[in-house]
Structures are given as structure tokens and as C-alpha cells.
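One structure is given here, and the rest of the page talks about it.
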Amino acid sequence: MRLEGIHHVTCITGDAPGNVDFYTRVLGLRLVKKTVNQDDPTVYHLFYADEAGSAGGDITFFEYPGAARGRAGQGMVHTITWRVASEDALDFWADRLAGEGIATQRTGGRLRFDDLEGLGLELAVAATDDAPLVAEHPEIPAELALQGFDGVRAFSRDPERSRALLEETLGFAPDGDTAWEVRGEARGGLYAYDPAPGPGAPGAGTVHHVAWSSTMAEHEAWRDAVASARTRITGVIDRFWFRSLYFREPSGVLFEIATLGPGFDVDEPLESLGEALTLPPAFEHLRAQLEDVLTPLPDPRAARHAG
Ligand code: ZN
């Protein structure tokens, strides 16, 4: 039983319209689902990914309108890394981000920057045979585009506390003292710790949780495996587009194990993913009320629709 790398990374934004603009227009991802937070349906849950809405390249945001900025600290993910194909891609992104007034730092095949709310992001030239997960964007040639996640880095003051659960229960393969590779049949991803600067504060520009991919068939067995390691884990929660289990790993990072299906195209066609507000059936009766309170968002592909 193997986890198939990262499924999605979920973060917090205080500014949904600015968030849509940054992740679609600037970074070139596709808004693949515009829905509400299933634990608080008065706010958005926005999903950005490749053209097909694939697990492995899916960054999502809970909207808390006007939320103060947070700060990554102990037990929180502080950097999300996407793969790109080449140093040429890093040149392209350094220029493109500079044109948006975003400062970048380039070191050894990596380009680091923050999103508009201070979330730590990074592009890395990665040697991999994993399928590139690319979205279409009129200004970004496919060979320079983001290709899905390479990994996430978290803060921990004592990574050893997490080692047994990561290696013995979750099958993470060590890659140095404080880094691991999580690889299944089709895809892999990296998980690493850096020394914690101190306690963090959740808020805009911070990561809420990281989800790892499971096949549909093995999902229940992952619940049993984590529970057997004396770790508190939720029951299976049906998120409609996938099923989820949540638990905190010993360093404090909130983990989810999410299924590789049914997928974002179960309730809207692939060609128009993310354009309409989509509500899971249990929330459909609230639609009129929610459309009144949700912040209006730009349509990232409006120009293409007009053309
Ligand atoms: Zn999640």
C-alpha cells in the first residue's frame, strides 16, 4: 500500500478576488472548482490545478474575508514547491514575477517568492518521470508552465518525533535526515522539515493542511493503519469530489489522506470546470442565500470566452 504523492495543499486567503487573480492570471493555474467551505458554507473554497483538475497539482484556499495575515511556525507547512522543466523556465518566471512587482530569490535550480499574502512558494527544476500537470494559459508556454507539486516543507523543532509514523505507517522513504519521498505507482512528492522559528499563527497566507493521495480501494485501510499507530484520525468524510481522512502527525502538521476520485468532473463538464459556483448536493438548498453573501470573483478565462 503506497500513497501516490501529494493530493492537494490547502491554504487560507483573506482576499478571494486577489487570490483568483494571482493563482490563475499570474501563476497560470486553472480554477477548477469554485465551491464553499463544507464546514462553513458562507465562505469560498477555491481549487486551482492543471487543465484536468488532477490530484498532484491542486492548491486550494479557504476564504476568510479580511483575515489578518498569519505566520508559519512550529507544526505548519511553510513552503510549497512546484516542479518546472528547466532553468529556462526559472528565467521566465523570474521575469514574469518581477513584472508583477514580486521579489524572487534564485538559488541552485530553485526560485523562491511569496504570494500576495506572504505564503512561501517555490519553483524547482526537478528530474522526474512523473507526468507534468500543466494548465493552459495564453501568456505561458506549456514547456515553461508549472507541472504539479514537487513537495512541501514544514517547520518542526523535533523531526524525530514524526519519523516512526512517517516511515513505518505512511511509507515515507527517508531522503536525508529530515526529508522523505512519498512515492506510489504513478507519482511522488517530497516532505521535509526545517528548524522551527517559534510558534506560528494561522491566518491569511498560511497552509492549513497537506493531503496525500490514496487509491479509492485502499482508503479505509489507511484509516486502520494510522489508527493502529495510536494516532487520532477522523472517520472517512465524503467531500463529494474525493473522500478524506484527517489526522495530525507528531510534529503537529495537519495531514489528510484523500482519494484519487471521483474527481472534479463528476458534477460539471471538464471544459467549464470552475466557472460556475458548484455546491455539493447537501448544500444546494442554500444556493440563493450563499450567492448573496459570497464575494464576487473575477472570471479568469473571461477573455477566452469573449473570443
Ligand atoms: Zn484537504
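In listed order, ligands and their atoms are each counted from 1. Just so it is clear, the structure is predicted and the values come from calculations on it, not from any experiment.
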Hey, can you pull the donor-acceptor pairs under 3.5 Å for the side chains in residues 218-225, sequence neighbours left out?
residue, atom, partner, partner atom, Å
Glu218, OE1, Thr215, OG1, 3.3
His219, NE2, Arg243, O, 3.4
His219, NE2, Ile257, O, 2.9
Arg223, NE, Thr234, O, 2.9
Arg223, NH2, Ile233, O, 3.4

(message) Checking Glu284 now: which residues fulfil salt bridge (charged side-chain N to carboxylate O under 4.0 Å, His left out) with it, not counting sequence neighbours?
(response) Arg287
(request) Below 2.8 Å of the Zn ion (ligand 1), tally up the protein N/O/S atoms for me. (result) 3
(message) Keeping Thr231 on the side-chain end and Ala229 on the backbone end, is there a donor-acceptor pair under 3.5 Å?
(response) yes
(request) Can you run down the salt bridge (Lys or Arg N to Asp or Glu O under 4.0 Å) pairs that involve residues 120-140, sequence neighbours left out, and say none if there aren't any? (result) Arg83-Asp130, Arg96-Glu139, Arg110-Glu122, Asp130-Arg183
(message) Can a side-chain donor-acceptor contact be found between Trp180 and Glu167 if the only test is distance below 3.5 angstrom?
(response) yes
(request) Might you confirm whether atom CZ of Arg106 has over 12 heavy atoms from other residues, nucleotides or ligands at distances under 6.0 Å? (result) yes
